[in-house]
Participant: 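Below you will find the structure I want to go over with you.
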2 protein chains.
Amino acid sequence: MLGAPTRDRAAERRSATRREILDAAWALARERGLSDWTLRDVATRIGMRAPSLYSHFESKLAIYDAMFGQAWSEYEALVRDCITSPDVSGAPRTVIRSMSRLFFDFAVADLARYQLMNQRSIPGFTPSAQSFAPAVRVVRISIEQLTGMGVTDRGDVEIWFAILGGLIDQQLANDPGGHSRRDLLDRAVDMWADSVGLAPETPKKEQEQ
Amino acid sequence: MLGAPTRDRAAERRSATRREILDAAWALARERGLSDWTLRDVATRIGMRAPSLYSHFESKLAIYDAMFGQAWSEYEALVRDCITSPDVSGAPRTVIRSMSRLFFDFAVADLARYQLMNQRSIPGFTPSAQSFAPAVRVVRISIEQLTGMGVTDRGDVEIWFAILGGLIDQQLANDPGGHSRRDLLDRAVDMWADSVGLAPETPKKEQEQ
DNA sequence: GTCTATAGTTTGATAGAC
DNA sequence: GTCTATCAAACTATAGAC
């Protein structure tokens with residue numbers, strides 16, 4: 001007698017099509033802006049007609065929702081990699097610099113993605129609980145990291161977030177593709193770290209004090 | 001013989017209508033979001049029909065442009081008032097706190113206005129040179145103020161801007177209408193001021209050099 | 001699942017009478 | 001300057017054949 005197939009080829013194909021749709025949407029978002037593309041554009045790019053997309057997503061907002069979840073999941077994976085890597089088991093100053101660079105670089109690498117993840121610029125779009133989950137986890141992990149290095153005041157955490165967000169916004173708005181604010185990142189983070197009392201990275205020889 | 005009229009009543013009326021249109025657009029932007037209103041909405045609100053607006057503005061983008069210029073002019077006036085007021089001829093620490101609060105409060109008071117002034121969220125909109133002029137002047141004035149208090153490094157200026165912008169974004173995105181980040185403003189600005197070497201506001205008694 | 005065909009809406013903008 | 005009437009275009013979404 002025949003055994004049941006061990007792979008569900010139909011499901012695999014369906015999942016691949018879903019990914020194709022999302023990839024096309026990302027590409028269009030990067031090329032033209034987060035919301036400057038239509039379902040027709042997406043369909044055309046993958047050799048389909050617009051109505052066919054409705055077999056895979058129930059609306060355009062559902063596509064945004066999937067993209068939102070995808071972006072935050074991707075970033076969550078990076079964060080988890082980062083905090084388990086050897087160079088982040090070191091001095092607090094090293095850790096906070098690594099976390100800051102990770103967030104900055106990820107944000108600046110893709111304007112459309114950053115807008116989707118961190119600004120609410122699409123009318124009517126609110127992420128579903130499922131898509132929002134990885135974002136919540138990233139914030140929790142970040143706070144745990146800071147707590148672990150002695151930063152327990154929630155206000156200090158918010159100020160750190162604000163410094164990062166502010167530099168990112170300026171980089172994207174005033175010097176997209178450049179690195180002027182990236183060059184200021186360590187200085188700004190050190191300023192914050194000094195203020196909250198993190199030990200300096202290289203305590204040369206108990207300099208002054 | 002008859003003297004020419006000293007007032008141009010037609011011009012006054014025209015200018016008043018223009019202002020009515022802009023006021024209606026602002027109100028709608030605040031109520032529904034920066035771009036969630038139509039020319040029909042604006043017209044209805046002032047008792048007109050949509051096509052009549054074209055006697056006063058050549059397009060919807062032209063309305064945005066006028067709003068952009070209006071917002072920055074308004075802010076420029078506030079800044080000029082602020083820097084000539086008595087309490088800002090004092091210690092650098094006092095001045096920088098005043099400037100920071102002024103910007104923060106103005107930004108947070110109106111989300112739609114902030115988005116129009118500082119983010120590029122309207123597809124196809126670029127401010128005209130004329131509307132952009134007050135924004136340029138505000139930046140110039142701010143830099144002059146900082147220079148006057150000894151902050152000459154451009155990077156330090158950028159970091160100050162970033163801290164302000166970051167706190168504003170967080171306030172608007174995560175606690176609109178609240179004051180959680182406003183409560184952190186002085187702390188964050190002092191952190192920056194300490195780092196760039198501004199004298200403390202109340203130099204109690206040469207504390208720890 | 002993908003297609004054709006089209007509904008149903010909304011919108012910025014124009015033409016031309018008054 | 002304001003109106004009525006209407007265009008032209010764009011877009012999401014649905015119905016139903018294959």
Side-chain angles (χ1 to χ4, degrees), chain A residues 5 7-25 27-29 31-68 112 116 121-126 128, chain B residues 7-29 31-68 112 116 121-126 128:
Chain A
R7 282 171 54 198
D8 184 343
R9 303 187 71 89
E12 284 173 11
R13 211 173 126 111
R14 189 174 165 74
S15 160
T17 303
R18 244 183 98 93
R19 192 155 38 243
E20 260 193 289
I21 292 170
L22 292 177
D23 287 348
L28 286 163
E31 290 166 17
R32 306 189 195 166
L34 180 56
S35 55
D36 274 16
W37 49 271
T38 70
L39 295 180
R40 272 180 183 72
D41 296 329
V42 173
T44 299
R45 185 169 282 237
I46 62 173
M48 270 189 174
R49 300 294 181 166
S52 307
L53 300 180
Y54 286 84
S55 298
H56 302 274
F57 293 93
E58 70 176 358
S59 70
K60 189 180 184 182
L61 288 183
I63 295 180
Y64 281 123
D65 193 56
M67 293 167 77
F68 182 93
L116 178 62
S121 55
I122 298 169
F125 171 64
T126 316
S128 64
Chain B
R7 283 171 54 198
D8 183 343
R9 303 187 71 88
E12 285 173 12
R13 210 172 127 111
R14 188 173 166 74
S15 159
T17 303
R18 244 184 97 94
R19 191 155 38 243
E20 259 193 289
I21 293 171
L22 291 176
D23 287 348
W26 278 118
L28 287 163
E31 289 165 19
R32 305 189 195 165
L34 180 56
S35 55
D36 274 17
W37 50 269
T38 69
L39 295 179
R40 276 175 179 73
D41 297 328
V42 173
T44 299
R45 185 169 280 238
I46 60 172
M48 270 189 174
R49 301 294 181 165
S52 306
L53 300 179
Y54 286 85
S55 298
H56 302 274
F57 292 93
E58 70 176 0
S59 71
K60 190 180 184 184
L61 289 183
I63 295 181
Y64 280 123
D65 194 56
M67 293 168 77
F68 182 94
L116 178 61
S121 55
I122 299 169
F125 172 64
T126 316
S128 64

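Because the structure is predicted, anything quoted here is derived from the model rather than measured. Naming convention: chains lettered A, B, ... in sequence-line order (proteins, then strands); numbering from 1 in each chain.
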Participant: Less than 4.5 Å apart, any side-chain heavy atom of B:I122 and any of B:L61?
Facilitator: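 The answer is yes; the side chains approach within 4.5 Å.
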Participant: In whole Å, what is the span from the CD1 atom of B:I46 to the C1' atom of D:dC3?
Facilitator: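 After rounding, the gap between these two atoms is 14 Å.
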Participant: To the nearest Å, how far apart are A:D36 CG and D:dA10 P?
Facilitator: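 For the pair A:D36 CG and D:dA10 P, the rounded distance is 13 Å.
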Participant: For A:E20 and C:dT2, give me the distance from atom CD to atom C1', rounded to whole Å.
Facilitator: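 So the CD-C1' distance, A:E20 to C:dT2, works out to 14 Å.
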Participant: How long is the line joining CG of B:D41 and C1' of C:dG12, in whole Å?
Facilitator: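 Between C1' of C:dG12 and CG of B:D41: 13 Å.
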Participant: The test is ring-ring contact (aromatic ring centres under 6.0 Å, His included); show your working for A:Y64 and A:W37 and say whether it passes.
Facilitator: CA-CA 12 Å; A:Y64 281 123; A:W37 49 271; 5.4 Å; yes
Participant: Please tell me whether A:T44 and A:D41 have a donor and an acceptor in their side chains that are separated by less than 3.5 angstrom.
Facilitator: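 No.
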Participant: Can a salt bridge be assigned to the pair A:E31 and A:R45 using a cut-off of 4.0 Å between side-chain N and carboxylate O?
Facilitator: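 So A:E31 pairs with A:R45 through a salt bridge.
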Participant: Is any side-chain nitrogen or oxygen of B:R40 closer than 4.0 Å to OP1 or OP2 of C:dG12?
Facilitator: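 Checking C:dG12 against B:R40, no side-chain N or O comes under 4.0 Å of OP1 or OP2.
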Participant: Rounding to a whole Å, what distance do you find between B:E58:CD and C:dT14:P?
Facilitator: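 Between P of C:dT14 and CD of B:E58: 9 Å.
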Participant: Going from CG on A:L22 to NE2 on A:H56, what distance comes out if it is rounded to the nearest 0.5 angstrom?
Facilitator: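 Between A:L22 CG and A:H56 NE2, I get 11.0 Å after rounding to 0.5 Å.
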Participant: For B:F57 and C:dT14, give me the distance from atom CZ to atom C1', rounded to whole Å.
Facilitator: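 Rounding to the nearest Å, CZ of B:F57 and C1' of C:dT14 are 19 Å apart.
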Participant: Select base, sugar-phosphate, or nothing to describe what B:G47 touches, counting heavy atoms under 4.0 Å on all strands.
Facilitator: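 Counting heavy atoms under 4.0 Å across all strands, the contact made by B:G47 is with sugar-phosphate only.
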Participant: Could you check B:P51 against A:L39 and say which one's nearest nucleotide on DNA chain D is further toward the 5' end?
Facilitator: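 Upstream on the strand: B:P51.
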Participant: Does B:S52 reach a base, just sugar-phosphate, or nothing at all? Heavy atoms under 4.0 Å.
Facilitator: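 Answer is base: heavy atoms of B:S52 come under 4.0 Å of a base.
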Participant: Starting from P on C:dT2, measure out to CZ on A:R13 and report it in whole angstrom.
Facilitator: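 Checked: the CZ to P distance equals 7 Å.
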Participant: So if I take every side-chain heavy atom of A:T38 and compare against C:dT2, C:dT11, D:dC11, which nucleotide ends up nearest?
Facilitator: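 Selected nucleotide (nearest to the side chain): D:dC11.
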Participant: Measure from the side chain of A:S59, starting at C-beta and using heavy atoms only, and say which of D:dT4, D:dA13, D:dT2 lies closest.
Facilitator: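 Nearest to the side-chain atoms of A:S59, counting from C-beta on, is D:dA13.
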Participant: Roughly how many Å is it from CD1 in A:I21 to P in D:dT12, rounded to a whole number?
Facilitator: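 Rounded to the whole Å, the gap is 14 Å.
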Participant: A:M48 side chain: which of C:dT14, D:dT12, C:dC3 is closest?
Facilitator: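 Of the candidates, C:dC3 comes closest.
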